[in-house]
2 protein chains.
Amino acid sequence: MVEFHVDRGSGLPAYLQLGRQVREALRLGWLQPGDRLPTVRDVVASSGVNANTVLKAYRELELAGLVEARQGSGTFVKASPGSAAPEDFDPLRATLADWVTEARSAGLEDEDIYALLREVLSGGAQ
Amino acid sequence: MVEFHVDRGSGLPAYLQLGRQVREALRLGWLQPGDRLPTVRDVVASSGVNANTVLKAYRELELAGLVEARQGSGTFVKASPGSAAPEDFDPLRATLADWVTEARSAGLEDEDIYALLREVLSGGAQ
DNA sequence: CAGATTGTTCTACTAAACTAAGACAATAGA
DNA sequence: TCTATTGTCTTAGTTTAGTAGAACAATCTG
């Protein structure tokens, strides 16, 4: 079961935060085809956002072909973005964890780490 | 000189995108204390956003103590967030670049990589 | 079938983000 | 001093995000 966490005041619209969390859970294999997402009312109760906001997030995921809403029964995972299998992540995750440890002991904060990754992914200094 | 790039339709408010880009440039050492940010009118011309939006971004940076606005002269970097020196990044950047190469050859997309990093930074599976 | 659960729709409203265009004020440089 | 540049403010408007509460429709369960 996925637990949503909406950070009001982060500036990012709530429906985008929800969508991103689902996509991320899909990529990491926490959610797999066939799994059921929390009901709209569950999310409302646990995160405090409005039902229409949750619905908007789910509708965008459905439009992207990632989930399927079945009235009366729930919203279910239909497919997963990304082609890599989550099992392939394990060795990479271990290496990355080591690197993070090293970076942190060098004094880097999380924001530094994100900035560095974004720099590397976008192809170095630009 | 920093070049701003505002992505309309990403959902993230323009003023937040601008602020994030400045903060990131500061962390990576692309901007250092004393440097001048692009003028409000420059940003308006290059990014297409409204002057008030740019002003809002700059004002938040000033409120955070990162920059200083001097009327008639420009907006200047005052301090840098983060404690690590940008030179300390170099060896870490190299290691990270290697890891990214490996991850990509394993079939991971950029979104997979971001998700994996966020997972590791937040302390493993949650 | 009956009742609960689920997604869905509707209307009305508030607040925030953003645009538009103009004017003002302090500074730097010729 | 004069002029261009720069940050700043004002007013007015549009669009989007989000809230609120109620109702409807399909599905599952007993």
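Each chain gets a letter, A, B and so on, in the order the sequences are listed, and its residues count up from 1. A quick note: this is a predicted structure, and the numbers were derived from the prediction, not measured.
Among the heavy atoms of the strands, none lies under 4.0 Å from Tyr58(B). Residue-level contact check: Ala14(A) touches the backbone only, with heavy atoms under 4.0 Å from sugar-phosphate atoms and none from bases.
You'll find that the side chain of Glu62(B) is closest to dT8(D), out of dT8(C), dT8(D), dT19(D). Taking the side chain of Asn50(A) as heavy atoms from C-beta on, and the options dT8(C), dA20(D), dG18(D), the nearest nucleotide is dA20(D). Closest approach to the Arg8(A) side chain among dG18(D), dT6(D), dT9(C) is made by dG18(D) (side chain taken as heavy atoms from C-beta onward).
Dashed line: the shortest gap from a side-chain N or O of Ser73(B) to OP1 or OP2 of dA26(C) is not under 4.0 Å. Contact check, Thr75(A) against dG7(C): a side-chain N or O comes under 4.0 Å of OP1 or OP2. Taking side-chain N and O atoms only, Lys56(A) has no distance below 4.0 Å to OP1 or OP2 of dG18(D). The side chain of Arg36(B) contributes an N or O atom lying less than 4.0 Å from OP1 or OP2 of dT6(D). Note on Arg70(B): every side-chain N or O is 4.0 Å or more away from OP1 and OP2 of dA25(C). Between Tyr15(B) and the phosphate of dC18(C), there is no side-chain N or O to OP1/OP2 separation shorter than 4.0 Å.
One interatomic measurement links the two molecules: CG of Asn52(A) to C1' of dT8(C), which rounds to 9 Å at whole-angstrom precision. Atom NZ in Lys78(B) sits roughly 16 Å away from atom C1' in dG7(D) (whole-Å rounding). Distance Leu12(A) CG to dA16(C) C1': 14 Å, rounded to the nearest Å. The separation between Asp7(A) atom CG and dG18(D) atom C1' is 16 Å, rounded to whole Å. Atom C1' of nucleotide dG18(D) and atom CD of Glu60(A) are separated by 14 Å, given to the nearest angstrom. The interatomic distance linking Gln71(A) (CD) with dT6(C) (P) rounds to 13 Å, in whole Å. The CG-P distance, from Leu16(B) to dT16(D), rounds to 18 Å in whole Å. Across the protein-nucleic acid pair, Arg41(A) atom CZ and dA4(C) atom P stand 13 Å apart, rounded to whole Å.
Taking 4.0 Å as the cut-off between side-chain N and carboxylate O, Lys78(B) and Glu62(B) do not count as a salt-bridged pair. The pair Glu119(B)-Arg93(A) meets the salt-bridge criterion, with a side-chain N (NZ, NE, NH1 or NH2) lying under 4.0 Å from an Asp/Glu carboxylate O.
Heavy-atom distances to DNA chain C give each of Leu55(A) and Gly72(A) a nearest nucleotide, and the one nearer the 5′ end belongs to Gly72(A). Residue whose closest nucleotide on DNA chain C sits further toward the 5' end, between Ala51(A) and Gly11(A): Ala51(A).
Of all heavy-atom pairs between Gly11(B) and Leu16(A), the closest is CA-CD1, 3.6 Å.
With no hydrogens or angles considered, no side-chain donor-acceptor pair links Thr75(A) and Glu68(A) at under 3.5 Å.
Here Leu116(B) contributes atom CG and Arg27(A) contributes atom CZ; the two are 11.5 Å apart, rounded to the nearest 0.5 Å.
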